[in-house]
Chemist: 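Can you read through this structure? Questions will come right after.
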Amino acid sequence: MEKYVIRGGAKLSGEVVVSGAKNAVVAIIPATILSDEPCVIENIPNISDVTITLQIMQEMGAKIRMLNKTTVEIDPRSLMNMSIPYEKAKLMRATTYFLGTLLGRFHSAHVSMPGGCNLGDRPIDQHLKCFSALGAQCEIDGGMINLRADKLVGNQIFFDKNSVGATINGIMAAVKAEGLTVIENAAKEPHVVDLANCLNSMGADIIGAGTDVIKIRGVRELHGTTYSVIPDQIEAGTFMAAAAATRSNILIRNVIPKHLEPITNKLLKIGVQVEQYDDAVRVIGGDNYVGTTIKTQPHPGFPTDMQPQMSAVLTCAKGASMVTESIFDNRFRYVDELRRMGANISVEGRVAVIEGVERLKGAPVKSTDLRAGAALIVAALSAEGTSEIYDIFHVERGYENMEIKLRGLGADIRKINEPDPVSDPVVKKAI
Ligand code: UD1
């Protein structure tokens, strides 16, 4: 059982380089299934969600070759249409992308209902609505989502809910469908645009990604590509939050500053300085911050995936802050853990009110999901004393070498492997 041990209080300094975007790469790797030739994907992060995605592809028969640490060659020609069972699907939500891509290539797909972070109710009705509109029959049987179509034909699809996953799945299923598909109320997140750019580099005809309306004209074939994944907006934002919370001055490289604007704007508002360069941002923490209001929104609004980390920063801002989570109905599970560190936060439904305290104090805490784990790291770095963060497998799903990168910035963080107490025969006997 691995945990991070963090002694808080150290000022961060120097530079950190952000890795490729998790949420883009977990769509782009399955998208290569639609290609009739090998594809080379660059700037892939070394995180467990990528390992799992590549493993699934390999088990289905794709030939996977790492060309270097961040570049993978995927030859999907020998890939067979196999079911993706619960053991794999429960590990990450993005296994749903195999639905769109397998349907697009084989006109059928069988994927277990997905897992991923527990953020509350996460239905897939909009994904299914899209597949049906393109001509697929969809049924859920024994926890499996089964899709089958004689042929896929383009259609007009209006999403009732702005969904990243449904937009990505819609694009993948429509890329080789006959005729024109129009997706309205599409998600505009940077990773949706990145997927569309990657598919276009393979010969797809997708326009409008990054706006509310995406038009996809079906093509017969897709060819190989060499494509570099965008930098991770949320990893960059997490380092920005870490610099702010520890009142430090760091340069964060390999970023697209435009993608960071909603985060930058909130940091500026509370009293953090942010300097923007072509592909880097410098964050300079201040001595005193003021509380603010945050409401998570689809892009270009404030990202829900930064809500926990930003709340961690606000725990020590002067006055009250109000954080409204409007995307997911259960994204405050980290609050109990922050309270263990002395934060003063009350939660009522989807709203958290944070009363700033002077200082957090180190404590043993547990990651409840990926971004919750990131928030606890931010809090622990700024806290007085030592924190132990458990269940860091969540963090490793989405952050490459988090503790190594933070140590490079001067943080006092170690990853420790200790025996799981429940596997200890003495403890086992006692419980
Ligand atoms: C993606 C991101 C996740 C991020 C989230 C919101 C990936 C792999 N994950 O998740 O990190 O937190 O976007 O930016 O990219 N919904 C429905 N019906 C559906 C689909 C979604 O009601 O069929 C609802 C969800 O319950 C949620 C909202 O729509 O309330 C947004 O979800 P969605 O954008 O689909 O999130 P994911 O794609 O799962």
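Counting starts at 1 for both ligands and their atoms, in listed order. Just the heavy atoms: all of them, side chains too, but no hydrogens, waters or symmetry mates, feed the values below.
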Chemist: Which atoms from ligand 1 have a heavy atom of Val164 less than 4.0 Å away?
Modeler: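 The atoms of ligand 1 under 4.0 Å from a heavy atom of Val164 are 1 (C), 13 (O), 15 (O), 33 (P), 34 (O), 35 (O), 38 (O).
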Chemist: Which atoms from ligand 1 have a heavy atom of Gln126 less than 4.0 Å away?
Modeler: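 Listed by number with element, the hits are 18 (N), 19 (C), 23 (O).
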Chemist: Whether Arg247 engages the ring of Tyr289 as a cation-pi pair (distance to the six-membered ring centre under 6.0 angstrom, angle to the ring normal within 45°) should be assessed.
Modeler: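 Judged by the rule, Arg247 and Tyr289 form a cation-pi pair.
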Chemist: For ligand 1, which atoms, with element, lie under 4.0 Å from some heavy atom of Gly165?
Modeler: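 Near Gly165, the atoms of ligand 1 are 35 (O), 38 (O).
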Chemist: Is there a polar contact between ligand 1 and Ala166, counting only N or O atoms under 3.5 Å apart?
Modeler: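 No.
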Chemist: Within a distance under 4.0 Å of any heavy atom of Arg331, pick out the atoms of ligand 1 and give their elements.
Modeler: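 Those atoms are 12 (O).
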Chemist: Examine ligand 1 and decide if any of its atoms is less than 4.0 Å from a heavy atom belonging to Pro123.
Modeler: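 A heavy atom of Pro123 does come that close to ligand 1.
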Chemist: What atoms of ligand 1 come closer than 4.0 angstrom to any heavy atom of Thr304?
Modeler: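 In order of numbering, the contacting atoms are 6 (C), 12 (O), 14 (O).
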Chemist: Is any side-chain heavy atom of Ile270 less than 4.5 Å from a side-chain heavy atom of Met310?
Modeler: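 A side-chain contact under 4.5 Å exists here.
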Chemist: Heavy-atom distances under 4.0 Å are what count here, so tell me which part of Lys129 touches ligand 1: side chain, backbone, both or neither.
Modeler: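 It is neither part, as no heavy atom is under 4.0 Å.
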Chemist: Can you sort out which atoms of ligand 1 are near His191, meaning under 4.0 Å from one of its heavy atoms?
Modeler: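 Counting from 1, the qualifying ligand atoms are 15 (O).
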Chemist: Which bit of Ser163 is near ligand 1, meaning a heavy atom under 4.0 Å away: side chain, backbone, both or neither?
Modeler: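 For Ser163, the contact with ligand 1 is made by both the backbone and the side chain.
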Chemist: Less than 3.5 Å between some nitrogen or oxygen of Lys22 and one of ligand 1, yes or no?
Modeler: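 For ligand 1, there is no N or O atom that lies under 3.5 Å from one belonging to Lys22.
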